Protein chains: 2
Amino acid sequence: MAETEITAIFEKHGIRPTQQRIAVYSYLLAQRNHPSADTIYRALADIYPVFSRTTIYNSLNALVQAGLVRTVNICAEEQRFDADVDDHGHFICEKCREIFDFEVSSDVLERLCPTGYRFSKGDVFFSGVCPGCCG
Amino acid sequence: MAETEITAIFEKHGIRPTQQRIAVYSYLLAQRNHPSADTIYRALADIYPVFSRTTIYNSLNALVQAGLVRTVNICAEEQRFDADVDDHGHFICEKCREIFDFEVSSDVLERLCPTGYRFSKGDVFFSGVCPGCCG
DNA sequence: ATATAATCTGTAATTAATACAATTATTAAT
DNA sequence: ATTAATAATTGTATTAATTACAGATTATAT
């Protein structure tokens with residue numbers, strides 16, 4: 001996505017379009033493999049010589065707050081991040097450890113929510129073996 | 001649950017019934033509120049004067065390996081543990097931060113799993129407001 | 001009872017994430 | 001365009017969850 005487009009999105013969501021945030025968001029939009037903060041840091045440190053690890057965390061928190069990015073808690077060790085904020089589930093392959101998206105509508109999720117509880121958001125995590133590793 | 005019963009369960013699952021593991025598992029069976037390792041440690045340190053934090057982690061890992069306990073990744077900060085290994089979802093209240101169980105059968109989950117992916121296990125995490133905090 | 005193997009303990013190390021203060025960049029007003 | 005005000009970035013230091021490790025202890029099987 002072009003930098004001007006991202007700037008417009010940021011302004012619409014009320015966060016300042018700094019070079020660092022644009023870089024983090026661009027990376028997340030391009031790489032749809034739910035990277036960790038450290039993965040993003042290492043990738044961006046290669047391109048931008050000065051890029052603090054703290055800024056990665058700050059930018060990610062700002063993006064999450066703004067509703068442009070969501071966290072994925074499928075790994076216990078570290079948080080993962082996803083620029084796709086639409087409803088979908090996450091499948092982690094026990095063999096290659098890769099995370100795949102799959103379709104789950106919020107209608108389906110809300111129907112699972114017990115009565116008396118006010119549903120705000122939901123997530124579905126599956127583990128198993130992905131098609132590539134099934135053979 | 002009586003200590004002899006727990007001992008029998010442990011032996012059936014191929015793990016040694018040590019005093020520490022029995023204490024951890026008893027606690028988890030009694031407290032169904034998905035405690036963290038630290039919560040378990042503090043509770044048991046009150047009762048047993050010598051109880052290493054490392055042993056809590058070792059015991060929990062052994063119990064998880066044996067299939068008697070499952071981890072709950074609903075909090076990013078720390079892992080939670082649950083002695084209920086039957087299929088169910090988890091709901092975290094945004095106000096009181098308490099975690100509630102709710103019914104979700106594995107049939108329902110497997111039906112959500114995309115074709116080509118071999119389903120092994122699944123978890124459903126919801127957040128929102130619990131009945132107690134809804135008023 | 002004893003030998004063997006597994007477990008426990010306590011400290012040290014690791015690692016993800018945050019706090020903080022000084023510097024730098026962005027925004028808005030002149 | 002300049003400049004003042006505000007917010008973000010940087011780098012270091014810190015926190016907190018978890019693991020590594022080695023010596024002491026406990027459980028199991030002979």
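In what follows, chains are A, B, ... by sequence order, proteins preceding strands, each numbered from 1. Computed from a predicted model, the values in this text were never measured in an experiment.
The CG atom of A:Asp101 sits 11.5 Å away from the CG atom of A:Asp87 when rounded to the nearest 0.5 Å.
Here B:Asp123 pairs with B:Arg70 in a salt bridge; the nearest charged N to carboxylate O distance falls below 4.0 Å. Between A:Arg42 and A:Asp46, none of the side-chain N atoms (NZ, or NE/NH1/NH2) sits under 4.0 Å from a carboxylate O, so this pair counts as no salt bridge.
The separation between A:Gln79 atom CD and D:dA17 atom C1' is 14 Å, rounded to whole Å. Rounding to whole angstrom units, CG of residue B:Asn58 and P of D:dT26 are separated by 16 Å. Going from atom CZ of B:Phe10 over to atom C1' of D:dA27 covers 14 Å, rounded to whole Å. Taking atom CD1 of residue A:Ile15 and atom P of nucleotide C:dT26, one finds them 14 Å apart after rounding to whole Å. Regarding A:Glu11, its CD atom lies at a distance of 11 Å from the C1' atom of C:dT26, rounded to whole Å. One atom, CG of B:Asn73, and another, P of D:dA17, lie 15 Å apart when rounded to the nearest Å. Rounded to whole Å, the distance from CG on B:Leu60 to C1' on D:dT19 is 14 Å.
Using a 4.0 Å cut-off, no side-chain N or O of B:Arg16 falls inside it from OP1 or OP2 of D:dT28. Contact annotation: B:Gln19 does not reach the phosphate of C:dC8 (side-chain N/O to OP1 or OP2, under 4.0 Å).
Put simply, the side chain of B:Cys130 does not reach to within 4.5 Å of the side chain of B:Lys95, judged on heavy atoms. Residues A:Phe91 and A:Ile74 have side chains not in contact (no heavy-atom distance under 4.5 Å, counting atoms from C-beta outward).
Pairing for D:dT15 is with C:dA16, a Watson-Crick or G-U wobble pair whose two hydrogen-bonding atom distances lie under 3.5 Å.
When each of A:Arg97, A:Glu98, A:His34, A:Arg80 is paired with A:Ile92, the side-chain contact (heavy atoms from CB on, under 4.5 Å) condition holds for A:Arg97 and for no other.
For B:Asn61, counting side-chain heavy atoms from C-beta on, the closest listed nucleotide (C:dT18, D:dT19, C:dC8) is D:dT19. When distances run from any side-chain atom of B:Gln20 to the nucleotides C:dA16, C:dT9, D:dA8, the shortest one goes to C:dT9.
For the segment residues 31-57 of chain A, residues with any heavy atom less than 4.0 angstrom from an atom of DNA chain D are, sorted by number, A:Val50, A:Phe51, A:Ser52, A:Thr54, A:Thr55.
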| task | Show your reasoning for whether ring-ring contact (aromatic ring centres under 6.0 Å, His included) applies to B:Tyr25 and B:Phe10. | result | CA-CA 10 Å; B:Tyr25 192 54; B:Phe10 282 9; 5.5 Å; yes
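The residue among A:Arg21 and B:Glu78 whose nearest nucleotide of DNA chain D lies closer to the 5′ end is A:Arg21. Between B:Thr18 and A:Thr18, the residue anchored nearer the 5' end of DNA chain C, judged by the nucleotide with its closest heavy atom, is B:Thr18.
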